[in-house]
Amino acid sequence: MSYGTEAIPPPDVPTGGGIIKFQRLAETLPHHGFRFNVLYLGSSSLAPDWREAVTRARSRGAIVVVNQNGVAYPAWAGTTTDEINAPLAELLHQCDYVFFQSAFCKASADRFLGPRDARFEILYNAVDTTRFSPPARPAKPGLRLLLGGDQFQRYRFETAARTLALVHADRPDAELFVTGRLRFAAEAEAAHQAEALLAELGIRDRVHFLGPYSQVDAPRILGDAHILLHTKVNDPCPSLVIEAMACGLPVVHSMSGGVPELVGDDAGIGVASSATWDADTPPAPADLARAVLEIADHRERYARAARLRAIERFDLAAWTERHLAVFSELVR
């Protein structure tokens with residue numbers, strides 16, 4: 001196996017995005033930079049020299065497989081949409097096989113990269129449900145909401161903050177924990193904007209910034225929370241959501257992208273939004289707050305359903321076995 005990179009970072013190094021799935025698969029199929037007969041590339045983690053990697057793979061008779069995540073679309077990419085999508089389309093239509101991370105990923109690729117009608121399947125991301133599991137200790141007191149991942153778009157953080165302010169009116173013990181970096185502006189400016197918003201809402205002492213975290217830290221951070229508040233719209237197939245469910249966290253999310261496929265009807269509550277390809281419009285904070293309070297009143301039921309769904313649908317062992325089966329057949 002080659003994952004088209006110099007090395008796969010170890011689990012104790014903070015990272016995110018598409019490389020996490022390769023970290024997990026590399027435990028069974030280690031990365032080899034030079035000796036390989038399968039080149040496995042992730043659409044969201046392509047190295048600048050991916051074309052050279054494909055050429056090398058073809059020259060030695062290796063197969064090329066793509067794990068297709070999301071695509072660029074006008075709401076966030078604007079006039080650079082076609083420029084970003086061009087290499088994704090090029091790779092998608094020349095590889096030997098494609099794993100689409102969700103039905104939404106397939107639909108968005110069809111729309112923006114061109115339909116692929118053969119040699120593909122939908123395979124959701126996965127989680128090691130033995131590592132990511134509900135904590136043995138009793139749940140911490142209060143109502144602890146988690147906004148996970150890195151905060152690339154201001155609306156994700158702002159929507160979560162405004163949701164907390166409304167929840168706090170009913171639940172004075174409610175808090176929001178924010179992971180990753182605020183990356184919607186330069187570091188100092190993003191921090192200033194966040195502080196100003198929290199002061200305006202009167203919730204500065206109820207919001208805690210945890211910073212970047214590694215896969216080693218992730219189960220503890222998830223285990224300390226009560227509900228995952230996932231405000232991103234059109235999210236293709238976030239591993240964060242699957243990890244949260246494995247740890248027994250119900251999910252409050254936008255009814256857009258691939259997240260509804262992951263959460264289903266019992267592991268959380270989806271909230272309608274008017275998001276389109278042309279506008280990333282999150283759900284209204286008032287609607288998200290109602291969903292948070294509904295889950296808080298029945299958290300144990302939702303938590304059990306979330307854990308069960310992760311075990312039944314997204315366990316790492318089955319995901320790894322499927323990769324092994326496909327790779328073996330393609331190599332033969």
Side-chain angles (χ1 to χ4, degrees), residues 1-73 77 80-102 105-106 108-110 112-126 150 152 214-215 236-239 316 319-332:
M1 290 293 297
S2 170
Y3 296 97
T5 184
E6 289 187 6
I8 299 295
D12 60 348
V13 173
T15 187
I19 203 67
I20 290 177
K21 71 179 65 62
F22 292 156
Q23 279 183 324
R24 291 171 177 165
L25 191 59
E27 294 180 12
T28 301
L29 295 171
H31 172 68
H32 293 279
F34 297 100
R35 297 179 63 247
F36 62 89
N37 57 6
V38 177
L39 175 63
Y40 192 19
L41 300 176
S43 66
S44 59
S45 57
L46 284 179
D49 64 345
W50 69 266
R51 288 184 180 88
E52 289 80 0
V54 171
T55 299
R56 289 196 303 272
R58 295 298 190 199
S59 71
R60 64 183 62 188
I63 62 167
V64 179
V65 180
V66 170
N67 189 286
Q68 178 62 42
N69 190 12
V71 300
Y73 58 92
T80 66
T81 296
D82 291 342
E83 177 185 348
I84 295 171
N85 283 335
L88 301 181
E90 180 184 347
L91 178 59
L92 184 76
H93 294 293
Q94 67 172 274
C95 67
D96 297 295
Y97 200 84
V98 180
F99 291 109
F100 290 101
Q101 293 183 18
S102 65
C105 289
K106 177 67 168 65
S108 56
D110 284 354
F112 289 97
L113 308 182
R116 181 179 175 109
D117 299 322
R119 307 196 79 175
F120 73 86
E121 68 181 85
I122 293 169
L123 185 67
Y124 298 104
N125 290 332
D150 261 354
F152 288 96
S214 71
Q215 283 290 288
C237 183
S239 292
L316 183 63
W319 181 83
T320 301
E321 284 299 320
R322 183 57 190 156
H323 277 88
L324 285 167
V326 171
F327 293 157
S328 298
E329 177 62 26
L330 290 170
V331 167
R332 282 198 295 272

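Keep in mind that the numbers below use all heavy atoms, side chains included, and drop hydrogens, waters and symmetry copies.
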**Q.** Between CG on residue Leu316 and CD on residue Glu321, distance to nearest 0.5 Å
**A.** 10.0 Å

Q) How would you list, by chain and number, every residue that makes a side chain to side chain donor-acceptor pair (under 3.5 Å) with Asp150, sequence neighbours excluded? A) Arg181, Arg183

Q.
My understanding is that only residues two or more places apart in sequence, or in another chain, count here; which of them pass side chain to side chain donor-acceptor pair (under 3.5 Å) with Gln215?
A. Arg24, Glu243

Q. Taking the side chain from Asp96 and the backbone from Val64, do they hold a donor-acceptor pair closer than 3.5 Å?
A. yes

Show me the donor-acceptor pairs within less than 3.5 Å that the side chains of residues 322-332 make with the rest of the protein, sequence neighbours left out.
unit_1, atom_1, unit_2, atom_2, d
Arg322, NE, Glu121, OE1, 3.1
Arg322, NE, Glu121, OE2, 3.1
Arg322, NH2, Glu121, OE1, 2.8
His323, ND1, Trp319, O, 3.0
His323, NE2, Tyr40, OH, 2.7
Ser328, OG, Leu324, O, 2.7
Glu329, OE1, Arg332, NH2, 2.9

Q | Ser102: partners by side chain to side chain contact (heavy atoms under 4.5 Å, CB included), with sequence neighbours left out | A | Phe104, Cys105, Tyr124, Cys237, Glu261

Q: Report yes or no: does Gln23 contribute a side-chain atom to a donor-acceptor pair with the main-chain N or O of Pro9 at less than 3.5 Å?
A: yes

Q: Take Leu41 and Val65 through the test side chain to side chain contact (heavy atoms under 4.5 Å, CB included) and record every step on the way to the result.
A: CA-CA 6 Å; Leu41 300 176; Val65 180; over 6 Å; no

Q | Over-ring placement of Arg60 relative to Phe36, 6.0 Å and 45° cut-offs | A | yes

Q. Sub-3.5 Å donor-acceptor pair from the side chain of His31 to the main-chain atoms of Gly4, do we have one?
A. no

Q) Counting distance only, does the side-chain N/O of Arg116 pair as donor-acceptor with the main-chain N or O of Leu92 below 3.5 Å? A) yes

Q) Is it true that Phe120 and Tyr97 have ring centroids separated by less than 6.0 Å? A) no

(Q) Can you list everything that forms a side chain to side chain donor-acceptor pair (under 3.5 Å) with Asn85? Sequence neighbours excluded, please. (A) none

(Q) Going by salt bridge (charged side-chain N to carboxylate O under 4.0 Å, His left out), name the pairs with one or both residues in residues 85-95, residues two or more places apart or in two chains. (A) Arg51-Glu90

